[in-house]
Amino acid sequence: MSELHFYNSYTRQKEKFESITPGYAGLYVCGPTVSGESHMGHARPYITFDVVQRYLKHLGYKVRYVRNITDAGHFEEEGREAQDKVSEKAKLEKMEPMEMVHKYTSMFHHGMRLFNCDEPSIEPTATGHIIEQISMIETIIEKGYAYEVNGSVYFDVKKYADKYPYGKLSGRVLDDQLETTRELDGQDEKRNKADFALWKNAPPEHIMRWKSPWGEGFPGWHIECSAMSSKYLGETFDIHGGGMDLQFPHHESEIAQNTIAHGHASVRYWMHNNMITINGKKMGKSYNNVIKLSELFSGSHPILEQPYHPMVVRFYILQTHYRSTLDFSNEALQASERALRRLWEAYELLQKLNHPGNAEAADTNLDKQVTDWIDECPDFMNDDFNTAKVLANLFELAPVINSIKGGQVKPDAISAGTFSLLKDTFKTYLEDILGLQGMQAEQSNKLDSVISLLAEIRADAKKRKDFATSDEIRNKLQKAGIILKDEKDGTVSYTIE
RNA sequence: GGUCGCGUAGCCGAGUGGCUAGGCAAAGGUCUGCAAAACCUUCUACAGCGGUUCGAAUCCGCUCGCGACCUCCA
């Protein structure tokens, strides 16, 4: 079997994964800013890295997965007055900042549960780690790479860049930065435009504020991730993930902060997922084109033709490689819905199928083909988490399962060993690694018995060739969202839409 | 303007220098009282123009189109 390789954004090539401590893997992923409701774009990194941590666990690593909650807020855009996003929004909504932060954090968690994302091992908040951030800033000042002006502290990028490869991760040259950085508040306080804030002095109207050696203020955006990843994963850790849009300035700044504070870079492998686009444009607040998760699940957004089940969205995301952009459309989501239903039905069928137990395959070609498709799955995952290819192979296997059930293929065509391998593969890859689930609500036994009763009446009518009655039962159930299927063996199954 | 990336059949999308990914849709067939589902078959694409090569969607160059980042952003 192959070994895990994936693309390191820092070196821009696929590398073999070797964890710092054998058997253990540390993963840090930039979490959401909880100043608003999570949208579809947020689904991508958390589902992507959920699969990453699931796969690492599958490989036997003991994983510590840290994903932060940014609840301290940053600056307003468009060069306006420096304002804490969280506090400004809170005033509009007449809520305490922490009240609002709590609300959106809860909504985020709810969304993550619906997506079947495992909970991180630790979910630290920025506000809960002010002391650690202050302490890290002090270290950077002591080492001479940060300076204080009017109660704010800035990182000296120019000095840093003289000695270290600033801009390597995001592929940019500092000189350009010095030219192009826009006028933002506090710009005149900086020695160079490219310098970024470690600590900001809080204006009087700013609600969220903490005491610091430099007066009352609040931390800069980048320092929280540096402080919290160091605290929980160590000064050097394995993987840091996040959206591509965070490469600059966020991750570039993290590298600079850690390099100075610890004397060396912290992250072994950088991973970045690509964006979800809508009509070719990135989904984001600035573009005013976001579809919130709640709207997605309820269908209550003008662009949505229908509601979409969280699993459909998860499947849709996993059908594309995480480093490619993914364009939203109703057509694409609807295609995913049908595809997932088909795949899941095959999986459910597989669980109910019995195998005659023959050790030798009656159809050696088919048996070989099936084992080949199965054997490729780990190779695909090991090659930069290619979930799209894994799903493609599962789709290759689905007709085999359906054919055994449908009688087109005899159950003894594949060997008992292959059959059990097939079962294991579906369970392992669909459920454990890709984290997919069925879309149907848990069918209650009560409903089950009611449907059985109706099915019996209908079967009786069919026997009498009273098709009017049998069709009426089927059609009315269909209207209620329950679809009956007459199976070849005379039994009746049903699915709920 | 700078940096980076992308352009694949009706749609979504994977992709290694040589071996038609896969899904959805569509068409035909099998099965079925009829449906639905399932199964089988068909639809062989890589923006354009050059180049390298025995051979390129895959490497190189140019052109066109699109996007991301450079500012909060997943």
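So that the names make sense, note that chain A is the first sequence line, chain B the second, and so on, each numbered from 1. Only a predicted model underlies this, so the values are computations on that prediction, with no experimental measurement involved.
In summary, the aromatic rings of A/Phe385 and A/Phe6 are positioned with their centroids under 6.0 Å apart.
If you take atom C1' in B/U53 and the same atom in B/G17, they sit 9 Å apart, rounded to whole Å. If you take atom C1' in B/A56 and the same atom in B/G18, they sit 9 Å apart, rounded to whole Å. Spacing of C1' atoms, B/A45 relative to B/C12, comes out at 14 Å, to the nearest Å. For the P atoms, the distance from B/G55 to B/U3 is 34 Å, rounded to whole Å. A distance of about 4 Å separates the C1' atoms of B/C46 and B/U8, rounded to the whole Å. Using atom C1' as the reference point in both B/C66 and B/C34, the two lie 49 Å apart (nearest Å). Comparing B/C43 with B/G28, their P atoms are spaced 16 Å from each other, to the whole Å. Remark: the separation of the C1' atoms in B/U58 and B/A14 is 13 Å, to the nearest Å.
A/Met275 comes within 4.0 angstrom of a base, heavy atoms only. Here A/Lys465 lies out of heavy-atom contact (under 4.0 Å) with every strand. Counting non-hydrogen atoms under 4.0 angstrom, A/Gly41 reaches a base of the nucleic acid. Among the heavy atoms of the strands, none lies under 4.0 Å from A/His272. Residue-level contact check: A/Arg342 touches the backbone only, with heavy atoms under 4.0 Å from sugar-phosphate atoms and none from bases.
Rounded to an integer number of Å, the gap from A/Asp327 CG to B/G23 P is 21 Å. Taking atom CG on A/Leu169 and atom P on B/C4, their separation rounds to 14 Å, with Å as the unit. The distance between atom CD of A/Gln247 and atom P of B/C69, rounded to the nearest whole Å, is 11 Å. In this structure, A/Tyr347 places its OH atom 20 Å from C1' of B/A38, rounding to the nearest Å. Going from atom CD of A/Glu331 over to atom P of B/C24 covers 13 Å, rounded to whole Å. The NZ atom of A/Lys282 sits 7 Å away from the C1' atom of B/A68 (whole-angstrom rounding). Straight-line distance from the NE2 atom of A/His222 to the P atom of B/A74: 13 Å, rounded to whole Å. Between A/Leu394 atom CG and B/G13 atom P there is a gap of 20 Å when expressed in whole angstrom units.
Using a distance-only test at 3.5 Å, with no hydrogens or angles considered, a donor-acceptor pair links the side chain of A/Ser152 to the main chain of A/Asn201. Side-chain atoms of A/His240 never come within 3.5 Å of backbone atoms of A/Tyr269 as a donor-acceptor pair (strictly under, hydrogens ignored). Under the 3.5 Å distance criterion, the side-chain polar atoms of A/Arg314 are left unmatched by any main-chain donor or acceptor of A/His309. When atom types are taken as modelled, the side chain of A/Gln133 and the backbone of A/Ala126 share a donor-acceptor pair closer than 3.5 angstrom. Here the side chain of A/Asn8 pairs a donor or acceptor atom with the backbone of A/Tyr10 at under 3.5 angstrom.
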Exercise for review: In sequence, state the C-alpha distance, the side-chain angles, and the governing distance for A/Glu252 and A/His222, and then conclude on side-chain hydrogen bond (donor to acceptor under 3.5 Å, both in side chains).
Suggested key: CA-CA 9 Å; A/Glu252 199 72 68; A/His222 316 306; over 6 Å; no
Practice item. Could you go through the side-chain hydrogen bond (donor to acceptor under 3.5 Å, both in side chains) check for A/Gln247 and A/Ser170 one step at a time? Key: CA-CA 6 Å; A/Gln247 271 189 350; A/Ser170 52; over 6 Å; no
Exercise for review: Let me see the working for A/Thr325 and A/Asn274 under side-chain hydrogen bond (donor to acceptor under 3.5 Å, both in side chains), right down to the final yes or no.
Suggested key: CA-CA 5 Å; A/Thr325 53; A/Asn274 216 317; 5.2 Å; no
Exercise for review: Start with the C-alpha gap between A/Asp383 and A/Lys389, add the side-chain angles, then the distance that decides, and say whether salt bridge (Lys or Arg N to Asp or Glu O under 4.0 Å) holds.
Suggested key: CA-CA 10 Å; A/Asp383 184 14; A/Lys389 278 195 155 188; 5.9 Å; no
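The side-chain tip of A/Arg44 does not point at the ring of A/Tyr322 from less than 6.0 angstrom away and within 45° of straight on. For A/Arg191 and A/Tyr154, the positive end is not near the middle of the six-membered ring at less than 6.0 Å and at most 45° from its axis. Both tests do not hold together for A/Arg67 against A/Phe49: distance to the six-membered ring centre under 6.0 Å, angle to the ring axis within 45°.
Across the interface with RNA chain B, nearest-nucleotide mapping of A/Leu326 and A/Gly31 shows A/Leu326 to be the residue nearer the 5′ end. Both A/Ala335 and A/Ser403 lie close to RNA chain B; mapped to their nearest nucleotides by heavy-atom distance, the more 5′-ward contact belongs to A/Ala335.
If you check B/C69, B/A38, B/G15 against the side chain of A/Gln408, the one that comes closest is B/A38. Side-chain atoms of A/Lys389 lie closest to B/A14 of the nucleotides B/A36, B/G67, B/A14. The listed nucleotides are B/C70, B/G22, B/G67; the one nearest the side chain of A/Phe395 is B/G22. Closest approach to the A/Ser470 side chain among B/C39, B/G33, B/C70 is made by B/G33 (side chain taken as heavy atoms from C-beta onward). Comparing atom distances between the A/Arg12 side chain and each of B/C70, B/C4, B/A74 picks out B/C4 as nearest. Considering only the side chain of A/Lys462, B/G33 comes nearest among B/C24, B/G2, B/G33. In this structure, of B/A21, B/C70, B/A14, it is B/A21 that holds the atom nearest to the side chain of A/Ala392. Here the side chain of A/Asn386 is nearest to one of B/C24, B/C39, B/G15, namely B/G15. Nearest nucleotide to the A/Phe248 side chain, out of B/C69, B/G22, B/A74: B/C69. Side-chain proximity of A/Glu396 to the nucleotides B/G22, B/C24, B/G67 is greatest for B/G22.
In this model, the phosphate group of B/C6 is not approached by any side-chain N or O of A/Arg323 to a distance below 4.0 Å at OP1 or OP2. Phosphate contact (OP1/OP2 of B/A25, side-chain N/O of A/Arg338, threshold under 4.0 Å): present. Under 4.0 angstrom from either OP1 or OP2 of B/A14 there lies at least one side-chain N or O belonging to A/Ser324. Within the structure, a side-chain polar atom (N or O) of A/Asn402 is placed less than 4.0 Å from OP1 or OP2 of B/C39. Taking only side-chain nitrogens and oxygens, A/Tyr287 never comes nearer than 4.0 Å to OP1 or OP2 of B/C72. OP1 or OP2 of B/A74 lies within a sub-4.0 Å distance of a side-chain N or O belonging to A/Thr33.
With centroids closer than 5.5 Å and planes inclined by less than 30 degrees as the test, A/Phe467 and the base of B/G33 pass as a stacked pair.
Residue-to-nucleotide contacts include no donor-acceptor pair under 3.5 Å from the side chain of A/Arg44 to the base of B/A74.
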Check your understanding: Can you give the dot-bracket line for RNA chain B, where a pair is Watson-Crick or G-U wobble with both atom distances under 3.5 Å, crossing pairs use [ ], and | marks a partner on another strand?
Key -> (((((((..(((.....[...))).(((((.......)))))....(((((..]....))))))))))))....
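The aromatic rings of A/Tyr160 and A/Tyr166 sit perpendicular to each other, their planes meeting at more than 60°, with 30° as the lower class boundary.
For residues 114-127 of chain A, proximity to RNA chain B is found at no residue, defined as any non-hydrogen atom under 4.0 angstrom from a strand atom.
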